[in-house]
Participant: 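Got a structure for you, written out below as structure tokens; questions coming shortly.
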Protein chains: 2
Amino acid sequence: MKVTISDVARLAGVSTATVSHTINSTRYVSGETKEKVYRAIAELGYTPDASARSFRTGKKKTIGFIVPDISNKFFATMIESVENYLSAHGYHLIIANTKENPEREETNIRLLSAGLVDGLLIASTMEDFSRFESLIPAGFPVVLVDRTFDTKRFPSVSVSNFQPIYRSVCRLAGKGDKRIGMIGGLPRLSSTKERIAAYQEAVADCGLPQDDLLIRYGNSMENSAQSCLDELLEQKCDALVVAQGLMASETVIYLHKKGFKLGEDIDLVTFVDYDSDINYLYSNQMDCIIQPVEKLGETAGELILQRIETPDAPAFEQVLTSTYQPCGM
Amino acid sequence: MKVTISDVARLAGVSTATVSHTINSTRYVSGETKEKVYRAIAELGYTPDASARSFRTGKKKTIGFIVPDISNKFFATMIESVENYLSAHGYHLIIANTKENPEREETNIRLLSAGLVDGLLIASTMEDFSRFESLIPAGFPVVLVDRTFDTKRFPSVSVSNFQPIYRSVCRLAGKGDKRIGMIGGLPRLSSTKERIAAYQEAVADCGLPQDDLLIRYGNSMENSAQSCLDELLEQKCDALVVAQGLMASETVIYLHKKGFKLGEDIDLVTFVDYDSDINYLYSNQMDCIIQPVEKLGETAGELILQRIETPDAPAFEQVLTSTYQPCGM
DNA sequence: CTGAAAGCGCTTACAG
DNA sequence: CTGAAAGCGCTTACAG
């Protein structure tokens, strides 16, 4: 049978209060009494029941992370980094995967916020903020990760999207490229919107032709780049900007198979998950925008624990900067 | 304040028992009463507290997965597949990362088995079975994933390691290769041991020179292939077998950078995580051993839920087969 | 320096 | 067809 705190108390000849205080160092216990308690614990092989404890205290010591796509290495690395931070602070991590499906996100928010976790990290795939907001119980600690909403009611950590895209378009224009194709992720995501907007402004500012046919969208998951590429190549692009990591890898592979020489037949700028294989192989043939994935995860961990401490602190946005790595550096 | 089942009962004018039974459909409740209960729930915005419920029932509806390296896409994909299976069956998934560190594994087993989860999936990095076994509370549901122990006391799901490696060595020998280098993962892992043994037997059976200098070990994580490769290239290998996915990617990149042409200057056989970028690019230049990652995850989920149902069923090993994909197929 | 006891929010025999 | 009440295993004021 299960060994409980009462069994320990009985064997040690003390109260359950004393056992509890001994284990948790939450009030003074004499050396002699401690001794007896620890002996009883050892003899019975007692382990406090985490479930009872968290029920009693209301603290689960667990954070939920709602991720759009675990098998995307960008998120996998982020999960690792979050887990690393949290476990160092005595927290566990529950993972939920939405596969960019808003219904799955909704279900998971409901399930996890109903007493399973102390706080939620969400890389949301939702477009509608009011729908999103209505799912979060009042005062429940939430931090948005990588993707934000126009309405800034939750704290967030994300990556600067505008500047690196703007800059790369200018550089391409400077090289003499005229028709610059753009591939973005899911159109509804804040990250995609910001990147597309940066592209559009840069194209206009550099005096290049503005053509909606030069902008294509994928689904932010695997195997969605190819059809975009076919369409852009038909448009006779002399350069491509790929604003999403997974699609970037696919682009490199596809161009390679089609026999394009990067930097000669076509110029390429890509967002990369920083330790992608492709990046190692081709970093000398394309410009890369390298995201601080680990920093993103660590900051997310930091913010959510802060949030749990002080749920009513004003929400603020934290924006990390990507590294711009031109060809061959 | 928090809305509890008593608040609902009071407002609906029924007992908490009736509210509970209504929510859970666990005994007959008249239509009229149900109506009242649901109205009260809606009015108060009541959500049952998962923590209280799991404390009471002893069922957490949560599985722990102890993973050696989340950022390794092999495991990331497996996590996705496990999560997928579990969430479809009403379970949550807690992730712990060991970074191939036995102490971290030990800590995590202790923490998670102490009332946090109903069962544990473990891809263990431990060598010593008795140490491992001593950490698992008697009768606690455990399933070993990808890596097993010689002593078969826990159920497990893993991938056949012997046959594909044996076969690849024979094929290389058949092509005329004489000095076949072998790179394995962490020497203590069952997967590594089996793969090395297969290599050794095949080398002997094919009448090739047996030379310990042809066998090198990495750490099963990132950036450990290079030094192995330098040593093997010094041994004038005409073929390489890389028995670990991450190291395989690194090998391809390194050989590429060194200017080797695969299949001409050197023959290559690799274990691959099936959707690796590298595989897409080079599958026509090397033999691949493709692991059924998703099936592995799904089976792991299946086995652990079975185990929770019937913890005393005899432990059995489930071995999945890899696909052998020769050059250019 | 320590103990007796209430109570966290549910579920579930037991009883009618 | 439904209710009163015990109890899961802890923690924590309150009291001495």
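The chains referred to below are lettered A, B, ... by the order of the sequence lines, with proteins before strands, and numbering in each begins at 1.
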Participant: Rounded to the Å, how far apart are B/Ile23 CD1 and C/dT12 P?
Facilitator: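 Interatomic distance, CD1 of B/Ile23 to P of C/dT12: 13 Å.
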
Participant: Please report the interatomic distance CD(A/Glu103) to OG1(A/Thr125), rounded to the nearest 0.5 Å.
Facilitator: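 OG1 of A/Thr125 is found 10.0 Å from CD of A/Glu103.
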
Participant: Check the distance between D/dC8's C1' and B/Asp49's CG and give it to me in whole angstrom.
Facilitator: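 Taking atom C1' of D/dC8 as the reference, CG of B/Asp49 is at 14 Å.
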
Participant: Is there a side-chain contact between A/Ser51 and the phosphate of D/dC8, meaning an N or O under 4.0 Å from OP1 or OP2?
Facilitator: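 Indeed not, no polar side-chain atom of A/Ser51 lies that close.
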
Participant: Let me know the distance between CD1 of A/Ile41 and C1' of D/dC10, rounded to the nearest Å.
Facilitator: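 My rounded result for the distance is 13 Å.
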
Participant: With B/Ser124, which of B/Glu105, B/Arg188, B/Arg147 fulfils side-chain hydrogen bond (donor to acceptor under 3.5 Å, both in side chains)?
Facilitator: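 Per the side-chain hydrogen bond (donor to acceptor under 3.5 Å, both in side chains) rule, the option paired with B/Ser124 is B/Glu105, out of B/Glu105, B/Arg188, B/Arg147.
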
Participant: Please tell me which of A/Ala52 and B/Val29 maps to the more 5' nucleotide of DNA chain D, matching each residue to the nucleotide holding its nearest heavy atom.
Facilitator: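 The 5'-side residue here is B/Val29.
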
Participant: According to a cutoff of under 5.5 Å between the ring centres and under 30° between the ring planes, does A/Phe55 stack with the base of C/dC8?
Facilitator: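 A/Phe55 vs C/dC8: stacking yes.
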
Participant: Looking at C/dC10, I'd like to know if its phosphate oxygens (OP1 or OP2) sit under 4.0 Å from a side-chain N or O belonging to B/Thr57.
Facilitator: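 False: B/Thr57 side-chain N/O out of range (4.0 Å or more) of C/dC10 OP1/OP2.
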
Participant: Expressed in angstrom and rounded to an integer, what is the separation of A/Glu32 atom CD from C/dC1 atom C1'?
Facilitator: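 Nearest whole value for this atom pair: 12 Å.
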
Participant: Give a yes/no on whether any side-chain N or O of A/Arg53 is located under 4.0 angstrom from OP1 or OP2 of D/dT11.
Facilitator: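 Result: yes.
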
Participant: I need the B/Ile136 CD1 to B/Ile122 CD1 distance, nearest 0.5 Å.
Facilitator: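 Nearest 0.5 Å value for the CD1-CD1 distance: 4.5 Å.
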
Participant: Sub-3.5 Å donor-acceptor pair from the side chain of B/Lys60 to the main-chain atoms of B/Gly58, do we have one?
Facilitator: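 Flag set: sc B/Lys60 to bb B/Gly58 pair under 3.5 Å.
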
Participant: For B/Thr33, answer base if it contacts any base atom (sugar-phosphate contacts may also be present), sugar-phosphate if it contacts only those atoms, and nothing otherwise; contact means non-hydrogen atoms under 4.0 Å.
Facilitator: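 Sugar-phosphate, no base atom in range.
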
Participant: Between A/Glu106 and A/Arg110, does at least one N-O distance fall below 4.0 Å, as a salt bridge requires?
Facilitator: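 Looking at A/Glu106 and A/Arg110, the cut-off is met.
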
Participant: Can you tell me how far P of D/dT11 sits from CZ of A/Arg27, to the nearest Å?
Facilitator: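 Taking atom P of D/dT11 as the reference, CZ of A/Arg27 is at 12 Å.
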
Participant: Between which residue ranges does DNA chain D form stems of three or more consecutive Watson-Crick or G-U wobble pairs, both distances under 3.5 Å?
Facilitator: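 When the pairs of DNA chain D are grouped into runs of at least three, the stems are C:1-3 with D:14-16, C:5-12 with D:5-12, C:14-16 with D:1-3.
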
Participant: Looking only at atom types and distance, does a side-chain atom of B/Arg307 sit under 3.5 Å from a main-chain N or O of B/Pro141, one as donor and one as acceptor?
Facilitator: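 No: the side chain of B/Arg307 does not pair with the backbone of B/Pro141.
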
Participant: If we only count heavy atoms from C-beta on, is the B/Ile63 to B/Leu120 side-chain gap below 4.5 Å?
Facilitator: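 Not in contact.
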
Participant: Could you give the OH-to-P distance, from B/Tyr28 to D/dC1, as a whole number of Å?
Facilitator: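 So the OH-P distance, B/Tyr28 to D/dC1, works out to 4 Å.
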
Participant: Within the side chain of B/Ser113, is there an N or O that forms a donor-acceptor pair under 3.5 Å with the backbone of B/Ile109?
Facilitator: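 Confirmed, B/Ser113 side chain pairs with B/Ile109 backbone.
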
Participant: So which of residues 5-20 of chain B are in contact with DNA chain C, with a heavy-atom cut-off of under 4.0 Å?
Facilitator: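 Listed by number, they are B/Ile5, B/Thr16, B/Ala17, B/Ser20.
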
Participant: Taking the six-membered ring for Trp, are the ring centroids of A/Phe149 and A/Phe154 within less than 6.0 Å of each other?
Facilitator: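 Ring-ring flag for A/Phe149/A/Phe154: false, centres at least 6.0 Å apart.
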
Participant: For the pair made of CD in B/Glu35 and P in D/dT2, what is the distance, rounded to whole Å?
Facilitator: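 That distance rounds to 13 Å.
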
Participant: Taking the side chain of B/His21 as heavy atoms from C-beta outward, which of D/dC1, C/dT12, D/dC10 is closest to it?
Facilitator: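 Side chain of B/His21 sits closest to C/dT12.
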
Participant: Expressed as a whole number of angstroms, how long is the span from B/Lys60:NZ to D/dG9:P?
Facilitator: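 Distance check: B/Lys60 NZ to D/dG9 P gives 10 Å.
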
Participant: Is any side-chain heavy atom of B/Asp69 closer than 4.5 Å to a side-chain heavy atom of A/Glu80?
Facilitator: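 Yes, side chains in contact.
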
